Trainee: 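Sending over a structure as C-alpha cells; questions will come in a sec.
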Amino acid sequence: MCTMEVGSAQMPGGCGKQQGQKEAFQAPETPKPTEVFLLQAFMMSGNLVCELRCRGTTTMEAAKMRIARHCGIPAHNQRFLHDGEVLEDARTLESCTMLDTTLFGVDGMIVVQLVVNGTSNIARNVRELGRSDDPDIAIAGVLGDLVDTVLRAEHQLSELVRPKGGTQLSAALGRGKRAELVHWMVQAFTALRFDDAILHSVVLTLDRYYTTCSAPSDMSNLQSVLLGAVCTEMKLVGADEFPPGHWQQVLCHICHGQIELKAILKSECDVLARLNFRVGAPTPLAFARELGCGAPPDAEIGRGAVELASFLLELALFDPTLQYCRPHVLLAGGALSAALRVMEVETPSLRQGCREAREAIFQDLTFYDPENLRGAEQEALCCEGELLVLWLTCTEGRGNLEWALFYPTVEGKFRGRGQLRSVASNEVIASAVRACGEAHGQC
C-alpha cells in the first residue's frame with residue numbers, strides 16, 4: 001500500500017498519485033473554532049441562570065431569545081457582560097473566541113454575566129400594589145413608573161453629601177468623642193421612642209458638619225449643634241409625628257431645659273448654612289429599607305433581613321471609616337446580604353428563599369447608578385464581610401475599638417425589640433463570615 005505525503009487525502013483502494021510523484025508540502029490547516037459552544041449565563045450574585053448549547057454562528061440576540069424562553073426574562077431586558085464590556089447583540093459566539101479568548105472557562109465554553117435591564121424589583125413590587133383590593137394601597141401602584149428615577153436621584157444626593165472616608169472627620173471630632181456621642185444618641189433616642197431613621201440622619205448631619213471643620217472643633221457648643229441637628233430632623237419627619245409645640249418640648253426634654261430654644265435655633269441655622277441647606281439625604285438605613293421592598297414577597301425573610309440589617313448598620317455608625325468609605329447604597333446592600341447569610345446559616349430551610357432575596361437585592365443595586373455600579377455585587381460582598389467581622393469581633397471581645405464598651409447597649413436595644421432573637425451563638429456569625437468569603441471568591 002502506498003502512503004501519502006503530509007497534507008494529502010487518503011485515497012481508498014490505493015495511491016492517489018503516480019509512483020515517484022510527490023505532492024508539495026502543505027502546512028496543517030488551522031483548526032476551526034469549535035462549532036458548538038456551551039454558553040453559561042450567570043446573574044450578578046453568581047447564580048447560574050441557564051446553560052445553552054449554541055452554534056458558533058449564534059448571535060447574542062438569539063441567545064437572549066433562548067434565555068427568555070427558558071427563564072422568562074424578556075430578551076430586551078437582558079445584557080451580556082464580560083469584564084465590564086457589553087457584548088453587542090450582533091456579535092456571534094464564534095467572534096468571541098477570536099477576539100477575547102478569556103471568555104473561555106474551558107475549550108468550547110463561554111461564560112458571560114447576565115444583567116437584567118428594564119425596571120427594578122422595587123418598581124415591579126410597587127406596581128403590584130395597584131392590584132390590591134384596598135384602594136388606599138392600590139393608589140400607591142401608580143408610582144411604579146417613577147421608582148427607578150427616584151432611586152437614581154437618591155443615590156446622586158447621597159453621593160453628593162457623603163463624607164468621603166473618615167480621616168477628616170476623625171481629626172475634627174475625634175473617634176473616641178464621636179463614639180461617645182453616638183452612644184449617647186442611641187440611649188436617648190431609644191428612650192424617646194424615635195424611629196431609627198432619625199438616629200441615622202442626625203449622625204449623618206453631624207458628621208457632614210464636622211467634616212467641614214479644618215481643625216479640631218470646639219466641644220463647648222457640641223450640645224447645641226446636636227440639638228440643632230435633631231431639630232431639623234424632627235421638622236423633616238413632619239407635623240403628623242412632631243406637631244408644633246411638641247418638637248419644642250422634645251428639645252427641652254433632651255437638654256433638661258439647660259439650653260434656650262433661641263440658642264438651639266441659632267445653632268440649627270449655623271449647621272444648615274454650613275451644609276448649604278442640603279438636608280434630607282438618604283442614609284444607609286433608608287436604602288436598606290428600600291432594597292428590602294424589592295425582595296421576593298416572603299414576609300419572614302424580608303422582615304428578618306431588614307431587622308438584622310438595621311442592627312448591623314447601627315454598629316457601623318460607630319466606625320466612620322466603614323460608614324463612609326463606600327456609597328451608602330452598597331453598605332445597605334452589604335448589610336442586607338449579611339443578614340440573609342446569617343439567616344440561611346442558622347435556618348437551612350430558608351436557604352433558597354434567602355438566596356433569591358439576595359439575588360433581587362444585588363440586581364436592584366445597579367438601578368441606582370447603572371454606569372458606575374457595575375461591580376456592585378463584589379463591593380456589597382466586601383461590605384458584608386466587614387460588617388460580619390465587626391460583629392464577630394464585638395461579640396468575642398476582641399480588637400482595639402474605641403467604642404467596644406458601647407456594644408452591649410446596641411445589642412440590648414435590638415434584643416429588647418426581639419430583632420436579634422434568632423442569633424444564638426458566635427459560631428453562627430463565624431460560619432456566615434466563612435460563607436461570605438467563599439461567595440466573594442466565586443465572583
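Values below: all heavy atoms of this structure, side chains included; hydrogens, waters and symmetry mates excluded. Please read these numbers as outputs of a predicted model, since none were measured by experiment.
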Trainee: Do Thr366 side-chain atoms and Phe362 backbone N/O form a donor-acceptor pair below 3.5 Å?
Mentor: no

Trainee: Identify the heavy atoms of Gly333 and Ala380 that sit nearest to each other, and give their distance.
Mentor: C-CB, 4.4 Å

Trainee: Under the 3.5 angstrom rule, does the side chain of Asn125 hit a backbone N or O of Cys293 as a donor-acceptor pair?
Mentor: yes

Trainee: If you measure from CG on Leu192 to CD1 on Ile198, what distance do you get to the nearest 0.5 Å?
Mentor: 9.0 Å

Trainee: Indicate the atoms forming the closest heavy-atom contact of Ala316 with Leu387, along with that distance.
Mentor: CB-CD2, 4.0 Å

Trainee: First locate atom SG of Cys325, then atom CG of Leu331, and finally report the distance between them rounded to the nearest 0.5 Å.
Mentor: 7.5 Å

Trainee: Evaluate the side-chain proximity of Arg355 to Leu340: yes if any heavy-atom separation is below 4.5 Å, no if none is.
Mentor: no

Trainee: Do the non-hydrogen side-chain atoms of Trp391 and Leu308 ever get within less than 4.5 Å of each other?
Mentor: yes

Trainee: Between Leu206, Asp319, Val203, which is the residue that forms a side chain to side chain contact (heavy atoms under 4.5 Å, CB included) with Arg178?
Mentor: Val203

Trainee: Which atoms form the tightest heavy-atom contact between Arg162 and Lys164, and what is the distance?
Mentor: O-NZ, 2.8 Å

Trainee: When you compare the side chain of Leu315 with that of Tyr407, does any pair of heavy atoms fall below 4.5 Å?
Mentor: yes

Trainee: Test salt bridge (charged side-chain N to carboxylate O under 4.0 Å, His left out) on Lys64 and Glu61 and set out the steps.
Mentor: CA-CA 5 Å; Lys64 292 177 182 178; Glu61 182 179 21; over 6 Å; no

Trainee: How are the rings of Tyr368 and His155 set relative to one another: parallel (under 30°), tilted (30 to 60°) or perpendicular (over 60°)?
Mentor: perpendicular

Trainee: Just verifying a value: how many Å separate Thr212 OG1 and Asn276 CG, rounded to the nearest 0.5 Å?
Mentor: 9.5 Å

Trainee: Between Val279 and Leu236, is the side-chain contact (heavy atoms from CB on, under 4.5 Å) condition met? List the steps.
Mentor: CA-CA 9 Å; Val279 292; Leu236 290 173; 4.1 Å; yes

Trainee: Got a second to check how far Cys383's SG is from Leu336's CG, nearest 0.5 Å?
Mentor: 11.5 Å

Trainee: Does any part of the side chain of Lys413, heavy atoms only, come nearer than 4.5 Å to the side chain of Glu411, both counted from C-beta?
Mentor: no

Trainee: So which atom in Ala376 and which in Leu365 form the shortest heavy-atom distance, rounded to 0.1 Å?
Mentor: CB-CB, 3.9 Å

Trainee: Check this for me, if you would: do Arg124 and Asp148 make a salt bridge, where the nitrogen-to-carboxylate-oxygen distance has to be below 4.0 angstrom?
Mentor: no

Trainee: Any ion pair linking Glu88 and Arg91 (charged N to carboxylate O, less than 4.0 Å)?
Mentor: no

Trainee: Checking Leu381 against Ser337 for the side-chain contact (heavy atoms from CB on, under 4.5 Å) test, could you report, in this order, the C-alpha distance in whole Å, the side-chain angles of both residues, the deciding distance, and whether it holds?
Mentor: CA-CA 7 Å; Leu381 286 173; Ser337 184; 4.2 Å; yes

Trainee: Drop me the distance from Thr211's OG1 to Leu275's CG, to the nearest 0.5 angstrom.
Mentor: 9.5 Å

Trainee: Keeping the roles fixed (side chain from Asp364, backbone from Asn121), state whether a donor-acceptor pair exists under 3.5 Å.
Mentor: yes

Trainee: Show the numbers, then the answer: is there a side-chain contact (heavy atoms from CB on, under 4.5 Å) between Arg278 and Leu272?
Mentor: CA-CA 7 Å; Arg278 291 194 181 103; Leu272 291 174; over 6 Å; no

Trainee: Test of understanding: with side chain to side chain donor-acceptor pair (under 3.5 Å), list the residues that count as partners of Gln323, not counting sequence neighbours.
Mentor: none

Trainee: Taking atom types as modelled, is there a side-chain donor on Thr395 or Asn426 under 3.5 Å from an acceptor on the other?
Mentor: yes

Trainee: Output yes when Arg131 and Glu128 qualify as a salt bridge under the 4.0 Å nitrogen-oxygen rule, no when they do not.
Mentor: yes

Trainee: Do Asp369 and Arg152 sit within salt-bridge range, that is, some charged N less than 4.0 Å from a carboxylate O?
Mentor: no

Trainee: Going by the salt bridge (Lys or Arg N to Asp or Glu O under 4.0 Å) test, which pairs reach into residues 380-390, not counting sequence neighbours?
Mentor: Arg326-Glu386, Arg341-Glu384

Trainee: Does Val186 offer a backbone N or O that forms a donor-acceptor pair with the side chain of Thr190 under 3.5 Å?
Mentor: yes

Trainee: Are the side chain of Ser310 and the backbone N or O of Val306 linked by a donor-acceptor pair below 3.5 Å?
Mentor: yes

Trainee: Judged by atom type as modelled, is there a donor-acceptor pair below 3.5 Å linking the side chain of Thr347 to the main-chain atoms of Leu350?
Mentor: no

Trainee: Do the non-hydrogen side-chain atoms of Ile67 and Phe80 ever get within less than 4.5 Å of each other?
Mentor: yes

Trainee: Check this for me: does any side-chain nitrogen of one of Arg358 and Glu344 sit under 4.0 Å from a carboxylate oxygen of the other?
Mentor: yes

Trainee: State, yes or no, whether a side-chain contact exists between Met185 and Leu317 at a heavy-atom distance under 4.5 Å.
Mentor: no

Trainee: When you look at Arg417 and Phe414, which way does the side-chain contact (heavy atoms from CB on, under 4.5 Å) test go after all the steps?
Mentor: CA-CA 5 Å; Arg417 295 176 175 178; Phe414 282 85; 3.9 Å; yes

Trainee: Of all residues at least two apart in sequence or in a different chain, which pass the ring pair (Phe, Tyr, Trp, His ring centres under 6.0 Å) check with Phe194?
Mentor: Phe189, Phe242

Trainee: In this structure, are over 12 heavy atoms from other groups packed under 6.0 Å from Ile139 atom CD1?
Mentor: no

Trainee: Minimum heavy-atom separation for Gly280 to Leu157, with atom names?
Mentor: O-CD2, 4.4 Å

Trainee: I need the minimum non-hydrogen distance between Asp195 and Arg289, along with the two atoms involved.
Mentor: OD1-NH1, 3.1 Å

Trainee: Without hydrogens or angle criteria, can the side chains of His328 and Thr283 be said to hold a donor-acceptor pair below 3.5 Å?
Mentor: no

Trainee: Rounded to the nearest 0.5 Å, how far does CG of Leu129 lie from CG of Asp136?
Mentor: 12.0 Å

Trainee: Do Thr205 and Val271 come close enough that some side-chain heavy atom pair is under 4.5 Å?
Mentor: yes

Trainee: Any sub-3.5 Å donor-acceptor pair from Arg434's side-chain atoms to Ile429's backbone N or O?
Mentor: no

Trainee: Is there a side-chain contact between Pro320 and Asp207 (heavy atoms, below 4.5 Å)?
Mentor: no

